[in-house]
Amino acid sequence: MSVKNSKEPPTTQLHTSPQSPSQFTYQNLHDLNDPATSYLSPLSTIGLVDLNAFFAQVEQIRLGLTDQDPVVCGQWHSLIAVSYAARKYGISRMDTIASAKTKCPNLIIGHAPVYKKGEEYWSYVDGLPNAANHKVSLDMYRRESRKILRVINEKFDLTEKASVDESYIDFGREVFTKLMEYFPELKDVEKDQSLPDIPSELPLGLYWEGEVIKSEQEIADDGEGTEPVIKDWDDVCLVIGSQILLDLRRDIYKELGYTTSAGLARNKLMAKLAGGFKKPDDQTIIRNSSIKAFLKNFELTDITGMGGKLGDSLINQLEVPPQAHTISYIREHFTLEQLKEEIKDDVDLAVKLYHIVRGMYAMELTQRMEVKSMTSTKNFTFDAVANLEDAYGWIKVFSGDLHNRLVDLDNENLELSLTKMETKEKNVIRRPKTLSIGVVFPNRIRQTRQLQIPFYKDLSKMKTIMYENGCVLLREFFEANTNISMVNNNIPCKELYTKDPKKVKVVEMQNMSLTISSIHQPKS
DNA sequence: CAGCACGAA
DNA sequence: GGTTCGTGCTG
Ligand SMILES: Nc1ccn([C@H]2C[C@H](O)[C@@H](COP(=O)(O)OP(=O)(O)OP(=O)(O)O)O2)c(=O)n1
């Protein structure tokens with residue numbers, strides 16, 4: 001269901017196929033109403049909202065274009081996001097700007113904003129900036145991400161920011177409230193009782209929004225266009241959830257102009273898979289009865305956390321045949337005890353896998369991710385940093401970048417302390433304790449050097465501190481970790497550092513970075 | 001705690 | 001490809 005048009009609400013009530021007695025209990029229902037327990041309830045209703053081709057959408061909106069225009073977000077000669085209009089031409093993230101232009105001559109390229117070497121502020125530039133003298137800034141996308149989060153967090157009490165463009169939402173309280181509104185009989189249920197059967201028809205206001213994945217039974221019955229079966233309260237929760245989810249996506253679109261894809265299911269892993277199923281601008285709902293059918297579309301390695309070596313090693317360890325559907329195979333060939341036996345070294349993993357292949361692994365939403373560190377980095381292709389002045393120039397950029405992000409963090413915390421009055425931590429000022437530089441040499445070896453930095457409330461002072469100490473670290477690093485004296489005619493280091501930095505050669509580097517860490521609140 | 005491997009967007 | 005961010009292990 002698109003956020004851009006509204007369909008007439010149905011004029012007939014949804015028919016149900018009540019299961020008698022209901023599988024669910026008073027406790028299941030009331031667990032929904034508490035953010036600490038709702039993810040564990042079988043009635044749990046979790047959404048995942050993902051911005052479509054996020055960076056490309058940011059560029060599209062900035063340039064005043066529509067989602068019909070083939071916009072991409074570029075970074076040097078490559079693409080980091082491709083709008084759905086551009087994907088119609090067969091363009092993907094793997095394309096270069098040149099190959100993309102061949103596929104679509106009218107392609108619109110919004111290059112990510114950049115810092116110039118030696119400067120503290122980013123800006124959008126005309127044409128394509130040169131990677132040797134610039135560093136990409138992601139501030140713009142973080143800023144837009146924050147605006148979207150604001151819309152989400154205004155409406156819901158438990159959300160988890162999963163990345164710059166994805167958030168999980170626990171709809172438990174909103175679903176609970178609606179259930180009580182539509183089904184007052186639920187108020188009469190007593191502790192330790194089962195819930196009553198669902199009514200044979202739902203109230204007129206309740207109907208599905210989005211793509212409801214069919215169960216194996218429904219596929220077998222092959223009811224073309226027949227309504228998805230609603231047989232117990234978990235299905236009703238998802239009907240309600242699908243409406244709440246669409247409302248949210250419409251709010252995001254109305255207020256900020258962004259389209260989203262979303263998934264709705266019993267837990268985060270299923271919601272995530274569902275969110276990727278229909279893109280762009282749509283939502284997909286997985287009822288508990290259709291989990292099995294839905295999982296047929298995916299392999300174990302499609303599940304979050306299983307995409308790398310862990311997923312592969314599990315498939316090897318369990319000797320899943322090469323042609324087999326990994327998820328079904330594991331589900332059908334291993335009991336919980338057998339999995340524990342096969343994965344002896346990690347019982348927790350065995351239990352987790354057992355639930356994952358059944359689509360039943362419940363993960364808690366972790367609300368507040370405290371920022372622990374921030375890194376600003378730059379890769380170099382070919383000897384782009386020739387002398388000390390170049391190196392200082394990048395430290396200038398890094399300290400400017402980190403400064404901008406600390407300003408953002410301050411604003412976010414300020415907002416938090418204003419909106420959530422009950423937050424005890426009134427002192428929201430966070431400052432880093434350590435500053436470190438990292439350098440990667442052409443032989444891939446990475447080395448770091450760090451020091452403690454003083455606390456200042458004033459962020460522009462922090463910026464100066466970061467720049468000056470970054471330069472100190474750099475000098476110490478070159479002296480201790482490289483043969484800087486040798487590449488400069490054996491002039492002693494002390495003397496080198498008194499000379500014009502432009503005249504001081506440095507060893508070749510593949511990457512430089514500046515990191516602040518231990519970002520914490522002051523004691524007093 | 002630092003440094004690294006891993007997983008993700 | 002580049003620029004991030006987070007977790008968990010190991011020393
Ligand atoms: N390897 C990657 C993957 C993503 N991103 C950035 C650019 C994307 O716009 C944003 C979100 O990533 P997604 O994986 O969600 O992909 P998109 O949002 O681009 O597309 P989709 O509509 O498939 O979610 O993160 C990135 O910089 N590098």
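Every heavy atom of this structure was used, including side-chain atoms; hydrogens, water molecules and symmetry mates were not. Reminder, nothing fancy here: chain letters follow the sequence lines and each chain counts from 1.
Distances shown here put every side-chain N or O of A:Arg405 at or beyond 4.0 Å from the OP1 or OP2 atom of C:dT3. Taking 4.0 angstrom as the limit, A:Lys272 places a side-chain polar atom (N or O) nearer than this to OP1 or OP2 of B:dA9. Proximity of A:Gln447 to the phosphate of B:dG3: no side-chain N or O atom is located under 4.0 Å from OP1 or OP2. Contact between the side-chain N/O atoms of A:Arg93 and the OP1/OP2 oxygens of C:dG2 is not found at any separation under 4.0 Å. Side-chain nitrogen and oxygen atoms of A:Thr448 include at least one within less than 4.0 Å of the OP1 or OP2 phosphate oxygen of B:dG3. Distances shown here put a side-chain N or O of A:Gln450 below 4.0 Å from the OP1 or OP2 atom of B:dA2.
One can place CG of A:Asn130 at 15 Å from P of C:dG2, the figure rounded to the nearest angstrom. Atom CG in A:Leu128 sits about 15 Å away from atom C1' in C:dG2, given to the nearest Å. Whole-Å rounding puts the A:Leu409 CG to C:dC5 C1' distance at 14 Å. Rounding to whole angstrom units, CZ of residue A:Arg446 and C1' of B:dA2 are separated by 11 Å. Straight-line distance from the CG atom of A:Asp401 to the P atom of C:dG2: 18 Å, rounded to whole Å. Distance A:Ile437 CD1 to B:dA2 P: 15 Å, rounded to the nearest Å. Rounded to a whole Å, the CG atom of A:Leu349 is 18 Å from the P atom of C:dT7. Rounded to whole angstrom, the span from the CD atom of A:Gln510 across to the C1' atom of C:dT3 amounts to 15 Å.
Of all nucleotides listed (B:dA8, C:dT3, C:dG1), B:dA8 comes nearest to the side chain of A:Thr304. Among the nucleotides C:dT3, B:dG7, B:dA9, the one closest to any side-chain atom of A:Ser163 is B:dA9. Picking from C:dG1, C:dT4, C:dT3 the nucleotide with the shortest atom distance to the side chain of A:Val136 gives C:dT3. When each of B:dG7, C:dT4, C:dG1 is scored by its nearest atom to the side-chain atoms of A:Lys309, the top-ranked nucleotide is B:dG7. Of the candidates C:dT3, C:dG1, B:dA9, the closest approach to any side-chain atom of A:Lys378 belongs to C:dT3.
Remark: A:Arg475 is not positioned above the aromatic ring of A:Phe478, lacking an NZ or CZ atom under 6.0 angstrom from the ring centre and at most 45 degrees off the axis. Cation-pi geometry between A:Arg358 and A:Tyr361 is not met at under 6.0 angstrom from the ring centre and within 45 degrees of the axis.
Ring geometry for A:Phe55 against A:Tyr141 counts as parallel: the plane angle stays under 30°, on a 0 to 90° scale with 60° as the upper cut.
Among the protein residues, A:Leu310 comes within range of the sugar-phosphate backbone only, with heavy atoms under 4.0 Å from sugar or phosphate atoms but none that close to a base. Nucleic acid contact for A:Arg142: sugar-phosphate only, since backbone atoms but no base atoms lie under 4.0 Å from a heavy atom of the residue. Note on A:Ile303: only backbone sugar-phosphate atoms sit closer than 4.0 angstrom, heavy atoms only; bases stay farther off. Within the 4.0 angstrom heavy-atom criterion, only backbone atoms of the sugar-phosphate kind lie near A:Thr375; the bases stay farther away.
Here A:Asp408 does not pair with A:Arg142 in a salt bridge; the nearest charged N to carboxylate O distance is not below 4.0 Å. A salt bridge links A:Arg431 with A:Asp410: the closest approach of a Lys/Arg side-chain nitrogen to an acidic carboxylate oxygen falls below 4.0 angstrom.
Between the side chain of A:Glu211 and the main chain of A:Asp282, no donor-acceptor pair closer than 3.5 Å is present.
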